[in-house]
2 protein chains.
Amino acid sequence: MAKLPPRERILDAAEELFSREGIKAVGVQAIAGRAETTKMALYRHFATKDALVEEWLRIVAADYTAVFDRLEEAHPDEPRAQILGIARFIADGLPGISHRGCPFINSIAELPDRTHPARRLIEAHKANQMRRLTDLCARAGMSDPDEAATEITFVLEGAQVSTQNGSVEDAGERLMRIVEAVLDRHSAPKAAR
Amino acid sequence: MAKLPPRERILDAAEELFSREGIKAVGVQAIAGRAETTKMALYRHFATKDALVEEWLRIVAADYTAVFDRLEEAHPDEPRAQILGIARFIADGLPGISHRGCPFINSIAELPDRTHPARRLIEAHKANQMRRLTDLCARAGMSDPDEAATEITFVLEGAQVSTQNGSVEDAGERLMRIVEAVLDRHSAPKAAR
DNA sequence: CCCACACGATACCGCTCGGTATCTTGAGAT
DNA sequence: ATCTCAAGATACCGAGCGGTATCGTGTGGG
């Protein structure tokens, strides 16, 4: 297979190293090395390390958004199926040899400055996901879409951190059951609560 | 007020800086400076920076455990009250000028090495919390204590993450309502799901 | 054909990091 | 009164950081 152009190799290397080791723990030299190129080539494509971090997170966010889009396309008028699809996507990503944790949750821990462009990007992405989820809950006819979307968001995020710190086994299957239960409860004609 | 002994000042400074800026982002020099002492004094009390990180996390974990203990003492035979007390404790900690996020969630992102002593400490603490929560659910007579404890854990962790990334407003009140709903559902004699 | 330009390699910059060595000072215990 | 030992101050170490300068080289488009 032909080698990818340097910029792509650098982004692939960044994805691998940033998500495995963290942002601060990885030097530009190491990224260039793993991309089989040099620091100079890296700085020809990215102004600073921060800019590379930003671009990496932009791509990760776009990939997540693409999942939402694909599910919307696959189940145009089935909001419940879309929500379960998202949950399934997260659940399936949980194991994988040694879970590295959500790139957004991990990165935000290393970006305490709320004005940092990469952090702004993360917050915008999370806000956007929240909006879409709320919309889906509304279209599913739930009585309190805002509350339902919040609960689902909490559960999805919580499943990822609990998997990362090893406090929950079989988090994927548990996550699916929990999301279904949450959907049922919020979809109930009334009663419950 | 008399100055605390150097070791305490260093631990206070570490708490402040590590939780605000992150582990890797803070140098030992900065910690010594904020503790109004010197690097040498720091290394007289802690073998390495890692040892200081570990001690800091040990204290944070002990503080959380103390909350569990205090609640157990206050409501000896009311497991539900204890669980709600924990949720209230987390909920109340959510705001606070610019939420810094959970120290464990943040630190684990900077400690990808599962054999690192500080990471082991975090995982042991989270596993312990999970065990206590499961026990409380069992004593509350829930039909599936394991599932209930998992769901509550997910929700508690998720609330912290979502507050940190700003995707949810009024996370505290929402968290309380959700935990109550989860308890009700799992406590229901049968029915529901 | 040739020339521009991305690429790669190497050496370098100033700075900060974690960690150490040395020496002075001051207060508490005997 | 003296001895001890924690505490403070300062200077230093090697290493790695993010970022830059320079210079050959190969290849693809005019």
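Each chain gets a letter, A, B and so on, in the order its sequence line appears, and its residues count up from 1. Computed over heavy atoms, backbone and side chain alike; hydrogens, waters and symmetry mates excluded. Note that the coordinates shown come from a computational prediction; the quantities given were computed from them, not determined experimentally.
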*N-O pairing of B/Arg80 and B/Asp184 below 4.0 Å*: yes
*What does nucleotides 21-29 of chain C look like as a protein-contact string, B for base, S for sugar-phosphate only, - for none, at under 4.0 angstrom between heavy atoms?*
B--------
Atom pairs under 3.5 Å: protein N/O with N/O of nucleotides 12-14 of chain C:
none

*Give the rounded distance in Å between these two atoms: CG of B/Asp50 and C1' of C/dC17.*
13 Å
*Round to the nearest Å and state the distance from B/Leu42 atom CG to C/dG19 atom C1'.*
11 Å
*asked:* Reading DNA chain D from 5' to 3', where do the contacts with chain A start and stop? Cut-off is 4.0 Å to heavy atoms.
replied: D/dG18 to D/dA21
*Going by an N to O cut-off under 4.0 Å, is there a salt bridge joining B/Glu72 and B/Arg132?*
yes
*asked:* Between A/Lys39 (side chain only) and A/Ala30 (backbone N and O only), is there a donor and an acceptor less than 3.5 Å apart?
replied: no
*asked:* Looking only at the side chains, is there a donor atom on one of A/Asn106 and A/Gln164 sitting less than 3.5 Å from an acceptor on the other?
replied: yes
*Do we see a donor-acceptor contact under 3.5 Å between the side chains of B/His186 and B/Asp144?*
no
*Under the side chain to side chain donor-acceptor pair (under 3.5 Å) rule, what pairs show up with a residue in residues 4-13 of chain B, not counting sequence neighbours?*
none
*Does A/Thr37 put a side-chain nitrogen or oxygen below 4.0 Å from OP1 or OP2 of C/dG8?*
yes
*Would you say the side chain of B/Thr150 lies within less than 4.5 Å of the side chain of B/Met130, judging by non-hydrogen atoms?*
yes
*Could you give the distance from CG (A/Leu11) to CD1 (A/Ile59), rounded to the nearest 0.5 Å?*
4.5 Å
*State whether a side-chain donor-acceptor pair under 3.5 Å links B/Ser167 with B/Asn165.*
yes
*Kindly check if the number of other-residue, nucleotide or ligand heavy atoms within 6.0 Å of CD (B/Glu16) is above 12?*
yes
*Could you label the plane-to-plane angle of the A/Trp56 and A/Phe18 rings as parallel, tilted or perpendicular, counting under 30° as parallel and over 60° as perpendicular?*
tilted
*B/Glu110 (side chain) donor-acceptor with B/Gly22 (main chain) under 3.5 angstrom*: no
_Members of residues 6-36 of chain A that approach DNA chain D, where some heavy atom sits under 4.0 Å away_ = A/Val26, A/Gly27, A/Val28
*Does the side chain of B/Asp113 pick up a donor-acceptor pair with the side chain of B/Thr115 at under 3.5 Å?*
yes
*asked:* Checking B/Arg174 against A/Glu151 for the salt bridge (charged side-chain N to carboxylate O under 4.0 Å, His left out) test, could you report, in this order, the C-alpha distance in whole Å, the side-chain angles of both residues, the deciding distance, and whether it holds?
replied: CA-CA 8 Å; B/Arg174 290 177 182 280; A/Glu151 186 164 354; over 6 Å; no
*How far does CG of B/Leu111 sit from CZ of B/Arg120, to the nearest 0.5 angstrom?*
12.5 Å
*Canonical and wobble pairing (Watson-Crick, G-U, under 3.5 Å) of DNA chain C, dot-bracket with |*: ||||||||||||||||||||||||||||||
